[in-house]
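Notes for the one structure printed next.
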Amino acid sequence: MADHIRIARVDGPVTVRAGTTVLGTSARALELREGSYPPVIYVPREDIDMTRLVRTDHATSCPWKGKASYYSIKGDVGMPANAVWSYETPKPDVAEIAGHLAFYPDRVTVTRG
């Protein structure tokens, strides 16, 4: 794994909300720390209401994690565009995040506990 990436299980549950819409709660979330960036919580897809997400054509690439696909959210706050991302086939060094979703903190609230 790249020296600047660390992945650990989150201790306790996390809840993901878009406005007042609860997208899901998980006791199996991961926290990814990458260099000096703020930590990012990755939640298993099985713990998120996927009927609230709409896949978009947007994609990005990270040299350490791979190609990310994006989703917009259907909820009570309109439809925040590309607010969720996923590395569906991440690079081997970060394979733990496969099948997980991450959320932009300015569009989605992820709370612990």
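Owing to the predicted nature of the structure, the values given are computational and were not obtained by experimental measurement. Note that the numbering runs from 1 along the sequence shown for the chain.
For H100 and Y42, the distance between ring centers is not under 6.0 angstrom.
The one candidate from T56, D57, T60 that meets the side-chain hydrogen bond (donor to acceptor under 3.5 Å, both in side chains) condition with Y70 is T60.
Around the CG atom of D11, the shell of radius 6.0 Å holds no more than 12 heavy atoms that belong to other residues, nucleotides or ligands.
Proximity of Y71 to L101: side-chain heavy atoms (C-beta onward) are separated by under 4.5 Å at one or more points. Considering only heavy atoms from C-beta on, L53 stays 4.5 Å or farther from K74 through its side chain. With a 4.5 Å cut-off on side-chain heavy atoms, T111 and R17 count as touching. Looking at heavy atoms from C-beta onward, I5 lies out of side-chain contact with D93 at the 4.5 angstrom threshold.
Residues V22 and V16 do not share a hydrophobic cluster, clusters being chains of Ile/Leu/Val/Met/Phe/Trp/Tyr side chains in contact below 4.5 Å.
Remark: W64 CH2 to E34 CD distance equals 6.5 Å, nearest 0.5 Å. One finds the OG1 atom of T25 at 11.0 Å from the CG atom of D49 (value rounded to the nearest 0.5 Å). A distance of 10.5 Å separates CG in D47 from OG1 in T15, rounded to the nearest 0.5 Å. Atom NZ of K65 sits about 6.5 Å away from atom CD1 of I97, to the nearest 0.5 Å.
Considering every non-hydrogen atom in both A27 and R9, the closest pair reads O-NH2, 4.1 Å. The two atoms that bring V10 and E31 nearest to each other are CG2-N, 3.8 Å, heavy atoms only. Scanning all heavy atoms of the two residues, the minimum distance from Y87 to C62 falls at OH-CB, 3.8 Å. The two residues A81 and S72 have their closest heavy-atom pair at CA-OG, 3.2 Å. Taking both residues in full, the closest heavy atoms of A95 and P90 are given as CA-CG, 4.0 Å, listed atom of the first, atom of the second, then distance.
Remark: the backbone N or O of N82 is paired with a side-chain donor or acceptor of R107 at under 3.5 angstrom. Of the possible polar contacts, one joining the K91 side chain to the P63 backbone as a donor-acceptor pair under 3.5 Å is found.
Note: Y104 and W85 have tilted aromatic rings, judged against thresholds of 30 and 60 degrees for the angle between ring planes.
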